[in-house]
Amino acid sequence: MAKVSVRNVSKIYLAEKGRNVTAVKDLNVEVADREFLVLVGPSGCGKSTTLRMIAGLEEISKGDIFIDDKRVNDLAPKDRDIAMVFQNCALYPHMTVFDNLAFGLKMRKFSKAEIRKRVVDAAGVLGIDGLLDRKPKTLSGGQRQRVAVGRAIVRQPKVFLFDEPLSNLDAKVRLQMRTEITKLHQRLQTAMIYVTHDQVEAMTLGDRIVVMNDGVVQQNDAPLKLYNEPVNQFVASFIGSPPINFVTGTLKADGEKLRFCEIEGGTIEITFPVNSRPEVREFIGKPVILGIRPENLEAVRFERKEGRRAPADNVFPAIVDIVEPMGAETNLYLQTGAHTLVCRSRSAFDHGEAGHRFQFEVNLEKAHLFDPVSTRSLVYVQPSAAA
């Protein structure tokens, strides 16, 4: 059991012509004992470099890393009491599964009885106890990855590190392995740090998620907090599938309300109550970015019954350009005149309805506003009462 502290850590590479390239900049992350932390971001954002610095596979340029309150900057990887699972499994092809699992323990001079006990226990946890006599080339991708995870488990380390371990697997096996890793964490109750570029993996696995971009932490929060309250446009766009829609427009004062008007040529006009926070008032008459997630849009296909009129404050017209039936839901690609939006509708549509004009309703409780210059989120805007 251990906690991990990454304090003011940077990684700087010397590139050609004497120019420095900063892969990670002033990173500060605390991983509590038994916590599952996910580092997520696009390729090249510094997440794998961070993991490798924690493991001791990359030298730290600045800052300190502590494992269980012990500074490990100068410790070799074998002395940090960590175990790492790589993307490519890195199994020894000439060894059996048993010998692959046992290899690290043999190097540490464990007794044969202890090695067998740990290997059998790990194989039982991962459901590979029937594969111990087989060679890696006879295994499927999912089975090989289980062996790689088992090799980490037998070490019984203080911290587990995972570097995109599922990225080479097909969708079905990846889903199964995500479930198994979650169960493994619940069973082992050990700190785990997991790197991925897949935001679905991040949301489903992590107790907490660190979103990175260009070597800098954008937001460090619980999964639902990232989804519901992104601090900037990058986090809003990276978390969620399909990605959030961004609409450029202007905020205008409209009595006791604020009206968002899409840029010239667009059909979106929706109204919020005036917010008392000065951040919003400062943007009256100025450009802003409206963020609407696809699942917070819904097609209004039929006239409402008398007494149940759709409120004009949160409805706008758009033309359905493309229809993608998904089964329980339908992805609709909309043209507003100035923007293309995605709507994840719960209503049934067919391909023949492409090209038709519909009304679309926005869930104002979950709309976001962003500063187009800094890309930072403005205050979370609450909706006006329905008409």
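When reading the values below, keep in mind they use all heavy atoms of this one structure, side chains included, and skip hydrogens, waters and symmetry mates.
The one candidate from D198, T196, T204 that meets the side chain to side chain donor-acceptor pair (under 3.5 Å) condition with R178 is T204. Remark: of the listed residues L364, V315, L258, L364 is the sole one forming a side chain to side chain contact (heavy atoms under 4.5 Å, CB included) with I270.
With rounding to the nearest 0.5 Å, the separation of NZ in K106 from OG in S111 is 12.5 Å. In this structure, L341 CG and L334 CG are separated by 6.0 Å, a value rounded to the nearest 0.5 Å. Of the inter-residue distances, the one linking R208 atom CZ with E30 atom CD reads 8.5 Å to the nearest 0.5 angstrom. Separation of atoms CD (Q145) and CG (N88) is listed at 8.5 Å; rounding is to 0.5 Å. Between the CD1 atom of I12 and the CD atom of E59 there is a distance of 11.5 Å, given to the nearest 0.5 Å. The structure places CG of L105 at 6.0 Å from CZ of R118, a figure rounded to the nearest 0.5 Å.
A distance-only check finds a donor-acceptor pair linking the side chain of T190 to the backbone of L188 [under 3.5 Å]. Without hydrogens or angle criteria, R7 side chain to N28 main chain gives no donor-acceptor distance under 3.5 Å. The main-chain N or O of S345 is never found under 3.5 Å from a side-chain atom of E298 such that the two would form a donor-acceptor pair. The main-chain N or O of F36 is found under 3.5 Å from a side-chain atom of D207 such that the two form a donor-acceptor pair. Using modelled atom types, one side-chain atom of N100 and one backbone atom of Y92 make a donor-acceptor pair closer than 3.5 Å.
F160 and F162 have parallel rings, their planes meeting at less than 30° on a 0 to 90° scale where 60° marks the start of perpendicular. Between F358 and F349, the ring planes lie perpendicular to each other; the angle is over 60°, past the 30° to 60° tilted range.
Contact detail for V154 and R151: the closest heavy-atom pair is CG2-O, 3.2 Å. Residue N245 comes nearest to P294 through the heavy atom pair ND2-N, 3.9 Å, listed as atom of the first residue, atom of the second, then distance. Between F246 and Q233, the shortest heavy-atom distance links the atoms CZ-O, 3.5 Å. Shown here for G142 and M177, the closest heavy-atom pair between the two residues is O-SD, 4.2 Å. Closest non-hydrogen pair, C45 versus N213, comes out as CB-CA, 3.9 Å. For the residue pair S347 and T330, the shortest heavy atom distance occurs at O-OG1, 3.2 Å.
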Task: Steps toward salt bridge (charged side-chain N to carboxylate O under 4.0 Å, His left out) verdict (E329, R346) - done: CA-CA 5 Å; E329 298 172 330; R346 293 175 294 279; over 6 Å; no

- [ ] Take R376 and D371, measure what salt bridge (charged side-chain N to carboxylate O under 4.0 Å, His left out) needs, and give me the verdict at the end.
- [x] CA-CA 6 Å; R376 301 287 296 179; D371 179 349; over 6 Å; no

Open item on the list: Checking K47 against D163 for the salt bridge (charged side-chain N to carboxylate O under 4.0 Å, His left out) test, could you report, in this order, the C-alpha distance in whole Å, the side-chain angles of both residues, the deciding distance, and whether it holds?
Closed with: CA-CA 9 Å; K47 56 189 185 295; D163 190 8; over 6 Å; no

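A salt bridge links D121 to K117: one of the charged nitrogens lies within less than 4.0 Å of a carboxylate oxygen. At a threshold of 4.0 Å, the pair D214-K25 does not count as salt-bridged, since none of the basic side-chain nitrogens sits closer than that to a carboxylate oxygen.
Residue M107 places its CE atom among more than 12 non-hydrogen atoms of other residues, nucleotides or ligands, all under 6.0 Å distant. Remark: D79 CG is packed, more than 12 non-hydrogen atoms of other residues, nucleotides or ligands lying under 6.0 Å away. Other residues, nucleotides and ligands contribute at most 12 non-hydrogen atoms within 6.0 Å of the CZ atom of R116.
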